[in-house]
Amino acid sequence: MERRSARPARNSSFCVDNSACSSGQSWQSNGSKFKAVNNRDKNFTVAKVAKRLEQVEASIARYLAALDHADRQRDDASEAKTTRIRQKIEGLRRQMQTLKAMEKQVEEAPDKQISLTDPDARSMTTSGKGTGIVGYNVQIAVDAEHHLIVAHEVTNVGNDRAQLAAMGVKARDATGCEEITVVADRGYYNGEEALACEGTGVLPCVPKTQTSGNAKRGLFTGQDFRYDAEHDHYVCPAGTFLTKGKTRSDRRDDIDHYRNLTACPTCRLKPLCTPDKFKRHKRWSHEGVLDAMQARLDRMPDVMKIRRQTVEHPFGTLKAWMASCHFLTKTLEKVKTEMSLQVLAYNIKRMINIFGVKPLLQAIAA
Ligand code: SF4
């Protein structure tokens with residue numbers, strides 16, 4: 001198809017979502033994962049090795065107790081049993097040595113993880129409680145209108161927090177649009193990524209993640225404090241103003257502290273606000289980027305529902321084609337190629353459904 005030379009000055013909306021590819025378990029409609037060719041038993045992390053060592057130690061202790069018991073019986077049957085138990089203990093001790101060697105290798109690995117069959121596959125958590133897979137994280141940007149995959153990426157990072165800007169820019173480049181709106185779920189919420197989108201033509205829309213424990217403790221949360229940009233102060237639930245005090249730097253940036261030293265100590269709402277002498281409300285120096293993102297979301301109340309429906313279609317199709325199985329290739333580069341072919345096939349099939357075979361062939365030839 002003909003590629004547009006100049007970017008049209010329109011704003012298109014895309015939904016970005018992810019799925020980590022993993023092993024032979026059934027997937028769910030949204031956010032389930034496929035696995036890599038690497039079996040879970042062939043993937044080692046510090047925690048997994050420690051758990052397996054603990055299990056082997058417990059087994060050895062059980063067999064030693066059984067050995068004591070058999071030794072006390074002293075008949076033909078117990079002699080045969082003793083031999084079997086000794087063999088089991090020998091086997092477990094060999095397993096222990098292998099695990100100890102693996103423990104050392106895992107400690108020395110850059111990300112403290114080793115996969116034996118596919119060295120690039122990584123252990124990733126899934127949405128099911130206590131479940132996990134060894135696989136890859138597949139990112140897609142889907143056209144909200146036609147459900148075409150406009151950009152995709154495969155990573156072996158188990159979360160999406162660093163994917164938003166890169167995927168947004170990829171989608172923008174693939175479509176030739178000057179400006180696109182990228183809608184993603186909470187897993188993508190990351191101030192640094194939203195900031196990285198600034199000036200790129202990518203308008204991110206990601207709902208905020210609630211990281212503060214205040215709601216659980218029955219205290220006001222950040223949403224109860226309204227920022228007044230014109231006067232650079234916060235309006236608190238009691239209606240008083242918190243003004244800018246000290247600026248502190250944390251690991252990533254400057255954080256401004258807003259407070260009201262006179263109103264808080266005598267405020268009747270203080271038990272619901274802070275256990276300290278006065279409330280300190282923190283504001284990231286680039287918080288305006290996040291405020292603008294929230295304002296975009298507020299203007300599109302149904303957008304998260306549309307996002308879910310949009311990303312379900314391509315992921316559902318791709319997973320059905322893979323029959324809930326794992327990738328056929330090993331290592332990140334080859335898995336990327338495999339996924340590119342899957343995406344190409346999906347898009348061709350989708351375009352056949354939208355245009356029909358003949359018009360599509362004519363468009364390709366044009
Ligand atoms: S304690 Fe301070 S910040 Fe909290 S509601 Fe009262 S006046 Fe506002």
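Order of listing sets the numbers, starting from 1, for every ligand and every atom in it.
Between the side chains of K279 and N260, no donor N or O sits under 3.5 Å from an acceptor N or O.
Geometrically, R226 does not engage Y234 in a cation-pi contact defined by less than 6.0 Å to the ring centre and at most 45° from the axis.
Within the 2.8 Å limit, C273 places at least one N, O or S atom next to atom 4 (Fe) of ligand 1. When distances to atom 2 (Fe) of ligand 1 are checked against a cut-off of 2.8 Å, C264 contributes an N, O or S atom below that limit.
Taking every non-hydrogen atom of T240 and a distance limit under 4.0 Å, the qualifying atoms of ligand 1 come out as 7 (S), 8 (Fe). Which parts of ligand 1 touch C267 is read off a 4.0 Å heavy-atom cut-off, strictly below it: atoms 1 (S), 5 (S), 6 (Fe), 7 (S).
The main-chain N or O of E333 is found under 3.5 Å from a side-chain atom of T337 such that the two form a donor-acceptor pair. Under the 3.5 Å distance criterion, the side-chain polar atoms of E179 are left unmatched by any main-chain donor or acceptor of G201.
Within the 4.0 Å heavy-atom shell around ligand 1 one does not find T274.
Residues L318 and I149 are in side-chain contact: their nearest non-hydrogen atoms beyond the backbone lie under 4.5 Å apart.
Among all protein heavy atoms, the one lying closest to atom 8 (Fe) of ligand 1 is C236 SG, 2.3 Å.
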